[in-house]
Amino acid sequence: MRRRPRPIRSAMTAALAILAGALSGAAQADPAASDGTRTVAYRGYEIRVPADWRVVELADDPDACIRFDKPAVYLGKPAADPACPADLVGRTAGVVVQPLDKDAASRTSSATAKAAEGAATAPKAASYNGTVQVAVEDAGVLVTAAHTPGTEDDVRAVLDSARLTDGARPARLPKSADGAAPLADNGPQPGDFKGKGFDVCSAPSSGTMSAWTGASPYRAVGVYISGGLRACDQPNLTASWVSTQVTRGWRMIPIDVGRQAPCTDYRSRMSYDKATAKEQGRSAANSSATVAQGLGIPPGSAIYSDIEGYSPSTTCTAAVLSYLSGWTEALHAKGYLSGFYSSASSGIRDAGNNYSNSAYTRVDHIWFAWWNNAADTNTGSYVSADKWANHQRIHQYAGEVGETWGGVRIGGIDRNYLDVGNGTPPPVTCATANLSFNSYPTLQEGSTGDQVKAAQCLLKAAGHDPLGGKDTPTGTFDAAMTTATKNYQASKGHTADGVIGKKTWTALLSRGSTPTVQNGATGEAVLRLQRALTAALGRTVGIDGIFGAGTEQAVKDYQSSRGLSADGIAGANTWAALQAGK
């Protein structure tokens, strides 16, 4: 059950203890209150957290690994080289409160919110890559809160409980010296490479990487760049870090660890419904590609989806392969190659058994965990040698070992052997084109981009083909596209101006069957509903094929704005309005 936001305790003894700690600049955590929460304060920033959350004061444990697999609050400056196990996967919730200095600034992004003057909260802070981040300048802290889809409400309740105390010490958010290097500078990753590499939960500091450059046998490093189940914080992972390591000769292995197989007990799992799982894979790929580009990991690179081991079954295997189909198609649409990491005995074997199955889109690279201590790319009996045979393999051959090179030790790494090469993603077709976007802008003759590709394919499916019988969208809004748009608009009784705006987008995106769907529903109809609502309302509605509280509220908002009964259930009248472009 999700917790409701809790009021801040006003007991005088607790307030005095917190105030004393705030004035000294120390971190403070009071005992549990009767409502099952406790107050935690740092530098005059105070929040209430569930009493069972750990509180870690980094000044007392400077090498602590900031890990989100168990709920915790971390107070202070994160270590440059934390002592993290290599094999952490999974996330619950966690909050990091650190000083607002240049190191903190390098961790911010365009999604970082600022608390208003005199406030400790930013209620409309966006969640990006499974993280909500708020700069509280009046307390001089950067607050980074990690969550899963299921714990986001709990995490926001913690953030909403924040207040400033008399001990707050203001500091402005410094301008970060970091910025994404020109994408062409780094080249595709890992690119053409044959040799040893390692992966680690939290990207090592630049100093550690420098020490390992000349001394270790490794020249490739796996880094977790995205995904809602990343268990470790990434204080070092910035565009400048990536550029520095590539300049030194390192190859990046970008990893996304998101939804896991539905037959596991991870907190964030893909749907058993194949259409929904495929869309979830698309969504993960779109997010990961955006992160990769921000880190200077350009198109042409391979990004690897980490799906941990599971017990194969007909339905579970189908969900995983559908997710990977969406993952691959969306990455191809953005010019990236798709990779797949899993255990050799489950995910990799399943992918191999369906290598030529036309029901699924094949990944470009496999990365298999088989801890046999053999530094090669031999998959044994798990996958035959003729599959992914053209420099398309990584073998994780040992796990969770500590090594020291150049006098610097990393306590937990996994060892890998790579035989990978550059490749070119196949062209996008209307079967693989992405239809899910955070916004659907107005398009007209001369427009270009992925949204144009989506519109071309939607018009083609509606019987007004702008592609002349071809199945490959061009992404250019030309004269044929204008004609097809006008013809479609006329068929719907719309003004036939040849411009795709809210009305035309809404009708195109909602086209199809009209089942009644409500909170708890999943599947393809929910996807169409979420896309159409995003277009109609002009705001982002999470497109994941799962009808949750956010979708229910969007339906209510749409219904009330269109004069419909606002019950939050998409029935015949709601579908009719959407398909009419209202």
Side-chain angles (χ1 to χ4, degrees), residues 1-5 50 53 67-72 88-95 111 123-133 144-160 224-233 256-273 275-288 290-291 305-308 310 319-320 322-323 326-327 330 436 438 517-523 526-527 529-531 533-534 539-555 568:
M1 179 180 293
R2 292 178 175 173
R3 299 181 180 88
R4 298 179 181 271
W53 281 29
R67 50 191 291 179
F68 300 131
D69 58 328
K70 297 179 180 179
L88 284 182
V89 173
R91 174 179 287 198
T92 54
V95 175
K124 295 183 179 180
S127 175
Y128 175 68
N129 206 14
T131 299
V132 179
Q133 193 172 69
T144 304
H147 63 81
T148 68
T151 61
E152 183 175 354
D153 286 354
D154 291 346
V155 165
R156 288 190 181 274
V158 169
L159 295 178
D160 289 346
Y224 290 90
I225 68 168
S226 61
L229 282 183
R230 290 167 298 139
C232 291
D233 193 30
D256 175 271
V257 55
R259 295 179 185 272
Q260 298 296 298
C263 51
T264 64
D265 59 1
Y266 286 99
R267 287 178 177 263
S268 181
R269 300 184 295 275
M270 60 193 74
S271 173
Y272 273 111
D273 179 84
T276 302
K278 186 173 183 178
E279 190 64 26
Q280 289 167 340
R282 281 185 179 277
S283 177
N286 288 328
S287 296
S288 192
T290 298
V291 174
S305 177
D306 178 342
I307 298 177
E308 296 292 309
Y310 56 91
V320 170
S322 296
Y323 180 93
W327 168 261
S436 301
N438 290 332
V517 289
Q518 56 188 308
N519 204 327
T522 62
V526 178
L527 291 172
L529 175 67
Q530 291 168 329
R531 292 176 187 137
L533 289 170
T534 296
R539 72 170 195 250
T540 301
V541 176
I543 302 173
D544 59 5
I546 300 172
F547 199 128
T551 302
E552 182 177 40
Q553 186 60 53
V555 171

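The structure displayed is predicted, hence computed values, not measured ones.
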[X] versus [Y], closest heavy-atom pair with distance:
{"X": "G545", "Y": "T276", "result": "O-CG2, 3.8 Å"}
{"X": "P262", "Y": "A319", "result": "CG-CB, 3.7 Å"}
{"X": "D273", "Y": "G523", "result": "OD2-CA, 3.6 Å"}
{"X": "A145", "Y": "L159", "result": "CB-CD1, 3.9 Å"}
{"X": "A261", "Y": "M270", "result": "N-CE, 3.8 Å"}
{"X": "I225", "Y": "S288", "result": "CD1-OG, 3.8 Å"}

Between [X] (side chain only) and [Y] (backbone N and O only), is there a donor and an acceptor less than 3.5 Å apart?
{"X": "S322", "Y": "K278", "value": "no"}
{"X": "R230", "Y": "G227", "value": "yes"}
{"X": "Q280", "Y": "Y323", "value": "no"}
{"X": "E308", "Y": "D306", "value": "no"}

Taking the side chain as every heavy atom from C-beta outward, state whether [X] and [Y] have any atom pair closer than 4.5 Å.
{"X": "L533", "Y": "Q530", "value": "no"}
{"X": "R67", "Y": "D233", "value": "no"}
{"X": "S268", "Y": "P149", "value": "yes"}
{"X": "Y272", "Y": "C263", "value": "yes"}
{"X": "D69", "Y": "R91", "value": "no"}
{"X": "T522", "Y": "F547", "value": "no"}
{"X": "T144", "Y": "V95", "value": "no"}
{"X": "V158", "Y": "H147", "value": "no"}

Item to check | N438, CG atom: more than 12 neighbouring heavy atoms under 6.0 Å | outcome: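 It does not: N438 CG has 12 such atoms or fewer within range.
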How long is the straight-line distance from [atom2] of [Y] back to [atom1] of [X], given to the nearest 0.5 Å?
{"X": "S271", "Y": "I546", "atom1": "OG", "atom2": "CD1", "result": "6.5 Å"}
{"X": "N286", "Y": "E279", "atom1": "CG", "atom2": "CD", "result": "8.5 Å"}
{"X": "L229", "Y": "Q260", "atom1": "CG", "atom2": "CD", "result": "5.5 Å"}
{"X": "L527", "Y": "I543", "atom1": "CG", "atom2": "CD1", "result": "8.0 Å"}
{"X": "R259", "Y": "R269", "atom1": "CZ", "atom2": "CZ", "result": "10.0 Å"}
{"X": "D544", "Y": "R282", "atom1": "CG", "atom2": "CZ", "result": "14.5 Å"}

Would [X] and [Y] count as having a side-chain donor-acceptor pair, cut-off 3.5 Å?
{"X": "S436", "Y": "R531", "answer": "yes"}
{"X": "N519", "Y": "E552", "answer": "yes"}
{"X": "S226", "Y": "D256", "answer": "yes"}
{"X": "T148", "Y": "T151", "answer": "yes"}

